[in-house]
Amino acid sequence: MLKCYALTDKKQKEFYALFGDYYAELGCDEDTEHLLDEYVVADLKAGLLSVYLLDEGEKTVGFVIFQTDRAENEWCKKAGWGDVRELYVEPSSRGKGLGKFMLLTAEMFLRESGAKDCYCLPAEGTEAFFLSCGYAESEERCEEMDCPFFTKDISSSPCNCEKQ
(Lines give C-alpha, C1' and ligand atoms only; values in the text may rest on other atoms or scores of the structure.)
Protein backbone atom coordinates (compact mmCIF):
# COMPACT_ATOMS: atom_id res chain seq x y z
CA MET A 1 0.00 0.00 0.00
CA LEU A 2 1.26 3.48 -0.90
CA LYS A 3 0.90 6.52 1.31
CA CYS A 4 1.99 10.02 0.25
CA TYR A 5 1.82 12.68 2.96
CA ALA A 6 3.30 15.95 4.18
CA LEU A 7 6.46 15.73 6.28
CA THR A 8 5.80 15.69 10.02
CA ASP A 9 8.15 16.02 12.98
CA LYS A 10 7.62 12.31 13.63
CA LYS A 11 9.04 11.41 10.19
CA GLN A 12 11.84 13.99 10.12
CA LYS A 13 14.57 11.47 11.01
CA GLU A 14 13.57 9.20 8.10
CA PHE A 15 13.43 12.18 5.73
CA TYR A 16 16.92 13.29 6.81
CA ALA A 17 18.27 9.77 6.18
CA LEU A 18 16.68 9.60 2.71
CA PHE A 19 17.95 13.07 1.85
CA GLY A 20 21.46 12.02 2.91
CA ASP A 21 21.21 8.99 0.60
CA TYR A 22 19.97 11.25 -2.20
CA TYR A 23 22.86 13.70 -1.83
CA ALA A 24 25.38 10.85 -1.62
CA GLU A 25 23.97 9.40 -4.85
CA LEU A 26 24.39 12.81 -6.50
CA GLY A 27 28.01 12.89 -5.34
CA CYS A 28 27.47 15.90 -3.07
CA ASP A 29 29.62 16.13 0.02
CA GLU A 30 27.70 18.90 1.77
CA ASP A 31 26.56 18.63 5.38
CA THR A 32 23.00 17.53 4.64
CA GLU A 33 21.78 17.95 8.22
CA HIS A 34 22.86 21.61 8.20
CA LEU A 35 21.36 22.11 4.72
CA LEU A 36 18.06 20.58 5.83
CA ASP A 37 17.91 22.45 9.15
CA GLU A 38 18.90 25.87 7.80
CA TYR A 39 17.18 25.86 4.42
CA VAL A 40 14.69 23.10 3.69
CA VAL A 41 12.97 22.70 7.06
CA ALA A 42 13.23 26.43 7.79
CA ASP A 43 11.52 27.21 4.45
CA LEU A 44 8.96 24.47 5.11
CA LYS A 45 8.07 26.01 8.47
CA ALA A 46 7.89 29.46 6.84
CA GLY A 47 5.38 28.10 4.30
CA LEU A 48 7.71 28.67 1.34
CA LEU A 49 7.87 25.05 0.19
CA SER A 50 6.31 21.64 0.73
CA VAL A 51 7.90 18.29 1.50
CA TYR A 52 5.96 15.09 0.90
CA LEU A 53 7.12 11.60 1.79
CA LEU A 54 6.11 8.32 0.22
CA ASP A 55 5.68 5.12 2.17
CA GLU A 56 5.51 1.75 0.48
CA GLY A 57 4.00 -0.50 3.10
CA GLU A 58 5.71 0.37 6.37
CA LYS A 59 8.85 1.82 4.81
CA THR A 60 9.51 5.42 3.74
CA VAL A 61 11.00 5.11 0.26
CA GLY A 62 10.94 8.57 -1.28
CA PHE A 63 10.29 12.27 -1.08
CA VAL A 64 9.43 15.26 -3.22
CA ILE A 65 10.18 18.91 -2.40
CA PHE A 66 8.24 21.52 -4.33
CA GLN A 67 7.11 25.14 -4.18
CA THR A 68 5.32 27.86 -6.06
CA ASP A 69 8.05 30.39 -6.76
CA ARG A 70 7.55 33.67 -4.92
CA ALA A 71 9.88 36.65 -4.68
CA GLU A 72 10.26 36.25 -0.90
CA ASN A 73 11.86 32.84 -1.37
CA GLU A 74 15.57 33.07 -2.14
CA TRP A 75 15.19 30.03 -4.43
CA CYS A 76 12.81 31.85 -6.81
CA LYS A 77 13.80 31.25 -10.42
CA LYS A 78 10.42 31.82 -12.16
CA ALA A 79 7.90 33.81 -10.10
CA GLY A 80 4.44 32.24 -10.16
CA TRP A 81 5.68 28.93 -11.57
CA GLY A 82 5.62 25.60 -9.80
CA ASP A 83 9.07 24.25 -9.03
CA VAL A 84 9.82 20.60 -8.34
CA ARG A 85 13.04 21.16 -6.45
CA GLU A 86 13.96 17.63 -5.43
CA LEU A 87 12.52 14.19 -6.15
CA TYR A 88 13.98 10.95 -4.85
CA VAL A 89 13.03 7.30 -4.69
CA GLU A 90 15.44 4.90 -3.04
CA PRO A 91 17.09 2.51 -5.52
CA SER A 92 15.32 -0.66 -4.32
CA SER A 93 11.93 0.93 -4.99
CA ARG A 94 12.61 2.34 -8.46
CA GLY A 95 10.96 1.15 -11.64
CA LYS A 96 7.51 0.86 -10.06
CA GLY A 97 6.13 4.26 -11.05
CA LEU A 98 6.64 5.77 -7.58
CA GLY A 99 8.62 8.75 -8.85
CA LYS A 100 5.91 9.56 -11.38
CA PHE A 101 3.28 9.19 -8.66
CA MET A 102 5.11 11.69 -6.44
CA LEU A 103 5.71 14.07 -9.35
CA LEU A 104 2.00 14.04 -10.25
CA THR A 105 1.14 14.62 -6.59
CA ALA A 106 3.41 17.66 -6.48
CA GLU A 107 1.97 18.97 -9.75
CA MET A 108 -1.56 18.59 -8.38
CA PHE A 109 -0.73 20.68 -5.31
CA LEU A 110 1.08 23.26 -7.43
CA ARG A 111 -1.90 23.51 -9.78
CA GLU A 112 -4.24 23.92 -6.79
CA SER A 113 -2.01 26.76 -5.54
CA GLY A 114 -2.52 28.58 -8.85
CA ALA A 115 0.55 27.59 -10.85
CA LYS A 116 -0.17 27.01 -14.52
CA ASP A 117 3.34 25.98 -15.45
CA CYS A 118 5.98 23.94 -13.68
CA TYR A 119 9.73 23.54 -14.04
CA CYS A 120 12.52 21.43 -12.69
CA LEU A 121 16.29 21.41 -12.97
CA PRO A 122 17.01 17.71 -13.40
CA ALA A 123 20.17 16.15 -12.11
CA GLU A 124 22.39 14.62 -14.76
CA GLY A 125 20.97 11.28 -15.83
CA THR A 126 17.37 12.04 -14.81
CA GLU A 127 16.35 14.01 -17.89
CA ALA A 128 14.62 11.03 -19.55
CA PHE A 129 12.41 10.57 -16.50
CA PHE A 130 11.13 14.15 -16.69
CA LEU A 131 10.72 13.97 -20.47
CA SER A 132 8.60 10.82 -20.01
CA CYS A 133 6.39 12.80 -17.61
CA GLY A 134 5.62 15.53 -20.14
CA TYR A 135 8.41 18.00 -19.41
CA ALA A 136 10.30 19.59 -22.28
CA GLU A 137 13.86 20.86 -22.24
CA SER A 138 13.81 24.61 -22.78
CA GLU A 139 16.53 26.76 -24.27
CA GLU A 140 16.61 28.78 -21.04
CA ARG A 141 19.41 27.77 -18.67
CA CYS A 142 19.85 28.08 -14.95
CA GLU A 143 23.35 29.50 -14.70
CA GLU A 144 23.65 28.70 -10.98
CA MET A 145 22.99 24.99 -11.56
CA ASP A 146 24.51 24.97 -15.07
CA CYS A 147 21.60 23.10 -16.60
CA PRO A 148 18.55 23.79 -18.75
CA PHE A 149 15.09 24.38 -17.32
CA PHE A 150 12.67 21.55 -18.07
CA THR A 151 9.13 22.93 -18.25
CA LYS A 152 5.57 21.63 -18.36
CA ASP A 153 2.12 23.17 -18.68
CA ILE A 154 0.22 21.83 -15.66
CA SER A 155 -2.87 24.03 -16.09
CA SER A 156 -5.24 21.27 -17.13
CA SER A 157 -3.63 17.92 -17.78
CA PRO A 158 -3.20 15.81 -14.66
CA CYS A 159 -0.98 13.29 -16.42
CA ASN A 160 1.26 13.38 -19.44
CA CYS A 161 3.27 10.34 -18.42
CA GLU A 162 4.25 7.65 -20.84
CA LYS A 163 5.03 4.11 -19.80
CA GLN A 164 8.79 3.51 -19.93
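What's counted below: heavy atoms across the whole structure, side chains too, no hydrogens, waters or symmetry copies.
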**Stepwise side chain to side chain contact (heavy atoms under 4.5 Å, CB included) check, V61 with K96** = CA-CA 12 Å; V61 297; K96 302 176 186 179; over 6 Å; no
**Within the 6.0 Å centroid threshold, strictly below: Y16 and F19** = no
**Prompt:** Side-chain contact, heavy-atom cut-off 4.5 Å: V64 with L103?
**Reply:** no
**Prompt:** Do L98 and R94 touch side chain to side chain, with heavy atoms closer than 4.5 Å?
**Reply:** no
**Complete:** Rounded to the nearest 0.5 angstrom, the CZ-OG1 distance for F130 and T151 is 12.5 Å
**Asked** Would you call L121 and F150 a side-chain contact if the rule is heavy atoms closer than 4.5 Å?
**Response** no
**Request:** Validate the cation-pi geometry between K77 and W75: distance from NZ or CZ to the six-membered ring centre under 6.0 Å, angle to the ring axis within 45°.
**Result:** yes
**Request:** Could you tell me whether a side-chain N or O of R70 sits under 3.5 Å from a main-chain N or O of A79, the two making a donor and an acceptor?
**Result:** no
**Prompt:** Going through the distances and angles, do K116 and E107 end up as a salt bridge (Lys or Arg N to Asp or Glu O under 4.0 Å)?
**Reply:** CA-CA 10 Å; K116 294 182 178 9; E107 290 173 0; over 6 Å; no
**Asked** Does OH belonging to Y5 count more than 12 external heavy atoms closer than 6.0 Å?
**Response** yes
**Asked** When rounded to the nearest 0.5 angstrom, what is the spacing between CD in E137 and CD in E127?
**Response** 7.5 Å
**Distance in Å, K152 NZ paired with C120 SG, rounded so as to fall on 0.5 Å steps** = 10.0 Å
**Message:** Under a 4.0 Å threshold between the charged nitrogen and the carboxylate oxygen, would E33 count as salt-bridged to K13?
**Reply:** no
**Request:** Tell me, yes or no, whether the heavy-atom count around E74 atom CD, taken from other residues, nucleotides or ligands under 6.0 Å, exceeds 12.
**Result:** no
**Asked** Is the shortest heavy-atom distance from the side chain of L87 to the side chain of K100 under 4.5 Å?
**Response** no
**Item:** Cluster link F129 to F66, ILVMFWY, side chain under 4.5 Å
**Value:** yes
**Request:** Find the distance between OG1 (T68) and CG (L110) and round it off to the nearest 0.5 Å.
**Result:** 5.0 Å
**Message:** As a quick check of understanding, evaluate side chain to side chain donor-acceptor pair (under 3.5 Å) for E86 and Y22, giving each step before the final call.
**Reply:** CA-CA 9 Å; E86 315 287 345; Y22 166 64; 2.2 Å; yes
**Distance, nearest 0.5 Å, that separates CG of L48 from CG of N73** = 4.5 Å
**Asked** According to the interplanar angle, ranging from 0 to 90°, do the rings of F63 and Y88 count as parallel (below 30°), tilted (30 to 60°) or perpendicular (above 60°)?
**Response** tilted
**Prompt:** Is there a path from V51 to Y23 through hydrophobic residues (I, L, V, M, F, W, Y) whose side chains come within less than 4.5 Å of each other?
**Reply:** yes
**Item:** Side-chain ion pair, K11 and D55, N-O less than 4.0 Å
**Value:** yes
**Prompt:** Is it true that F15 and L54 fall in one hydrophobic cluster, defined by side-chain heavy atoms closer than 4.5 Å?
**Reply:** no
**Prompt:** Is any side-chain heavy atom of F101 less than 4.5 Å from a side-chain heavy atom of V89?
**Reply:** no
**Request:** Look at the side-chain heavy atoms of Ile, Leu, Val, Met, Phe, Trp and Tyr, link any pair under 4.5 Å apart, and say whether Y39 and L26 land in one connected group.
**Result:** yes
**Prompt:** Distance-only, no hydrogens or angles: does the R111 side chain make a donor-acceptor pair with backbone N or O of I154 under 3.5 Å?
**Reply:** yes
**Prompt:** How many angstroms lie between atom OH of Y52 and atom SG of C4, to the nearest 0.5 angstrom?
**Reply:** 7.5 Å
**Prompt:** Can you check whether Q12's main-chain N or O pairs, donor with acceptor, with E14's side chain at less than 3.5 Å?
**Reply:** no
**Request:** Determine, stepwise, if the pair I65 / V40 fulfils side chain to side chain contact (heavy atoms under 4.5 Å, CB included).
**Result:** CA-CA 9 Å; I65 302 172; V40 176; 4.1 Å; yes
**Message:** Testing the basics here: between S138 and P148, what is the closest heavy-atom pair and its distance to 0.1 Å?
**Reply:** O-CB, 3.7 Å
**Request:** Would you mind reporting whether Y135 and C118 have side-chain heavy atoms less than 4.5 Å apart?
**Result:** yes
**Asked** Charged N to carboxylate O under 4.0 angstrom, E56 versus K3?
**Response** no
**Message:** Can you confirm whether E58 is buried at CD, in the sense that more than 12 heavy atoms of other residues, nucleotides or ligands lie under 6.0 Å from that atom?
**Reply:** no
**Asked** Do D83 and K78 sit within salt-bridge range, that is, some charged N less than 4.0 Å from a carboxylate O?
**Response** no
**Prompt:** Given the side-chain rings of F149 and Y119, with only the six-membered ring counted for Trp, is the space between their centroids under 6.0 Å?
**Reply:** yes
**Request:** Group every Ile, Leu, Val, Met, Phe, Trp and Tyr by side-chain heavy-atom contacts under 4.5 Å, then state whether M108 and V84 land in the same group.
**Result:** yes
**Message:** Looking at every non-hydrogen atom in both residues, tell me the closest pair between M102 and G62 and how far apart they are.
**Reply:** SD-C, 3.9 Å
**Message:** With a 3.5 Å distance limit and no angle check, can you tell me whether S93 reaches the backbone of E90 through a side-chain donor-acceptor pair?
**Reply:** no
